[in-house]
Amino acid sequence: AILSGKLDDAGGMSFSRPRLPIVPGMPTTIQVHASVSDASGLVTEGAGSFLLHPSSAYVGIRAPYVAARDEDVPIKLKAATWKDEALAGVEIRLVAERVIYRTNAYRSDRTEQVWEKTVTVARAEGDTVQVRFEKGGEYLLSAVIKDEQGLENRSSTRVYVSGGDFVHYGGDRKNLELLPDATEYAPGQTARIIVKNPFERAQALITMERSGVRKVWVRELTGEMPV
């Protein structure tokens with residue numbers, strides 16, 4: 001936008017900010033360039049910037065990377081102002097969408113909403129709510145908050161749910177993607193690993209290796225996200 005006006009006696013000028021596109025969850029950097037000319041036509045220029053927040057309230061969401069179908073899944077929610085001041089007693093809308101993978105290279109993945117809940121974060125340090133997923137697959141989980149002016153903000157994360165349900169996974173059938181439930185494990189700890197299976201039913205050759213092959217076994221994989 002281009003704005004023009006006349007400087008006041010103090011050398012300043014005020015104007016109303018034009019309506020700008022706002023993406024929830026993503027602050028936008030606004031660049032301002034100014035050019036001033038005096039009575040003789042001499043011109044001086046300057047530039048600056050400021051951060052435009054989509055809302056005065058922010059919400060954080062944390063969920064396990066891997067979860068199981070029909071079991072309680074803990075979701076941590078926390079709200080704060082754009083000045084990083086904790087908020088308590090605020091309502092948050094929690095939305096779960098299941099990812100429907102593309103069936104060929106000419107289509108894009110899409111999502112379908114499977115449930116929506118409204119929860120209240122009562123404590124300044126945040127609260128944990130329990131949710132369930134009835135089907136296996138990949139889910140986009142979003143937390144939505146509104147400030148006093150009704151401006152919306154959101155945060156999202158993904159959860160991979162194991163289960164026997166199959167929807168076509170549009171990935172590369174020559175490669176299998178493995179999704180561990182943690183980045184590291186202690187000796188004796190059990191690791192849960194989801195296989196993003198592109199086939200409705202398949203025989204998998206599984207090896208455990210460390211300085212060579214330690215263990216080999218065959219297992220039948222069924223559904224989209226077997227463990």
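Given the structure is predicted, the values throughout are model-derived calculations rather than measurements.
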Exercise. Between the side chain of Thr81 and the main-chain N/O of Lys83, is any donor-acceptor distance below 3.5 Å?
Worked result: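 Pair found, side chain donor or acceptor close to backbone of Lys83.
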Fill in: Side-chain donor or acceptor of Asn153 paired with backbone N/O of Ala57 under 3.5 Å
yes
Pick from Val121, Thr120, Ile92: which one makes a side-chain contact (heavy atoms from CB on, under 4.5 Å) with Asp127?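 The option that passes is Val121.
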**Report entry** Asp181 side chain near Pro64 side chain, heavy-atom distance below 4.5 Å
**Finding:**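 Not touching, per the 4.5 Å side-chain cut-off.
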What I'd like to find out is whether the side chain of Thr207 reaches to under 4.5 Å of the side chain of Lys215, using heavy atoms alone.
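Sidechains of Lys215 and Thr207: no contact.
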Would you call the rings of Tyr58 and His53 parallel, tilted or perpendicular if under 30° counts as parallel and over 60° as perpendicular?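 Because their plane-to-plane angle is over 60°, the rings of Tyr58 and His53 count as perpendicular.
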Can you see which heavy atom on [X] is nearest to which on [Y], and at what distance?
{"X": "Ser37", "Y": "Val43", "answer": "CB-CG2, 3.9 Å"}
{"X": "Leu77", "Y": "Ala143", "answer": "CD2-CB, 3.9 Å"}
{"X": "Ala79", "Y": "Val90", "answer": "CB-CG2, 3.7 Å"}
{"X": "Ala86", "Y": "Ala124", "answer": "CB-O, 3.5 Å"}
{"X": "Val161", "Y": "Arg69", "answer": "CG1-N, 3.5 Å"}
{"X": "Gln113", "Y": "Glu116", "answer": "NE2-OE1, 3.2 Å"}

For residues [X] and [Y]: do they belong to one hydrophobic cluster (side chain heavy atoms under 4.5 Å, members Ile, Leu, Val, Met, Phe, Trp, Tyr)?
{"X": "Val119", "Y": "Leu141", "result": "yes"}
{"X": "Val129", "Y": "Leu87", "result": "yes"}
{"X": "Val131", "Y": "Val114", "result": "yes"}
{"X": "Trp115", "Y": "Tyr139", "result": "yes"}
{"X": "Leu140", "Y": "Val95", "result": "no"}

[X] [atom1] to [Y] [atom2] distance, which is reported to the nearest 0.5 Å:
{"X": "Ile75", "Y": "Thr157", "atom1": "CD1", "atom2": "OG1", "result": "8.0 Å"}
{"X": "Phe133", "Y": "Asp70", "atom1": "CZ", "atom2": "CG", "result": "11.5 Å"}
{"X": "Arg192", "Y": "Tyr185", "atom1": "CZ", "atom2": "OH", "result": "9.0 Å"}
{"X": "Leu51", "Y": "Thr28", "atom1": "CG", "atom2": "OG1", "result": "7.5 Å"}
{"X": "Ser162", "Y": "Glu71", "atom1": "OG", "atom2": "CD", "result": "7.5 Å"}
{"X": "Arg154", "Y": "Lys146", "atom1": "CZ", "atom2": "NZ", "result": "10.5 Å"}

Item checked: CA sep, side-chain torsions, deciding dist, call: Ile145, Glu152, side-chain contact (heavy atoms from CB on, under 4.5 Å) -> CA-CA 6 Å; Ile145 193 173; Glu152 188 176 281; over 6 Å; no
For [X], I'd like to know if atom [atom1] has over 12 heavy atoms of other residues, nucleotides or ligands within 6.0 Å.
{"X": "Glu148", "atom1": "CD", "answer": "no"}
{"X": "Gln149", "atom1": "CD", "answer": "no"}
{"X": "Asp84", "atom1": "CG", "answer": "no"}
{"X": "Glu184", "atom1": "CD", "answer": "no"}

Q. Is the closest basic N to carboxylate O distance between Arg123 and Glu125 below 4.0 Å?
A.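 Yes.
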- Query: Do Ser56 and Asp147 have side-chain N/O donor and acceptor atoms under 3.5 Å apart?
  - Reply: yes
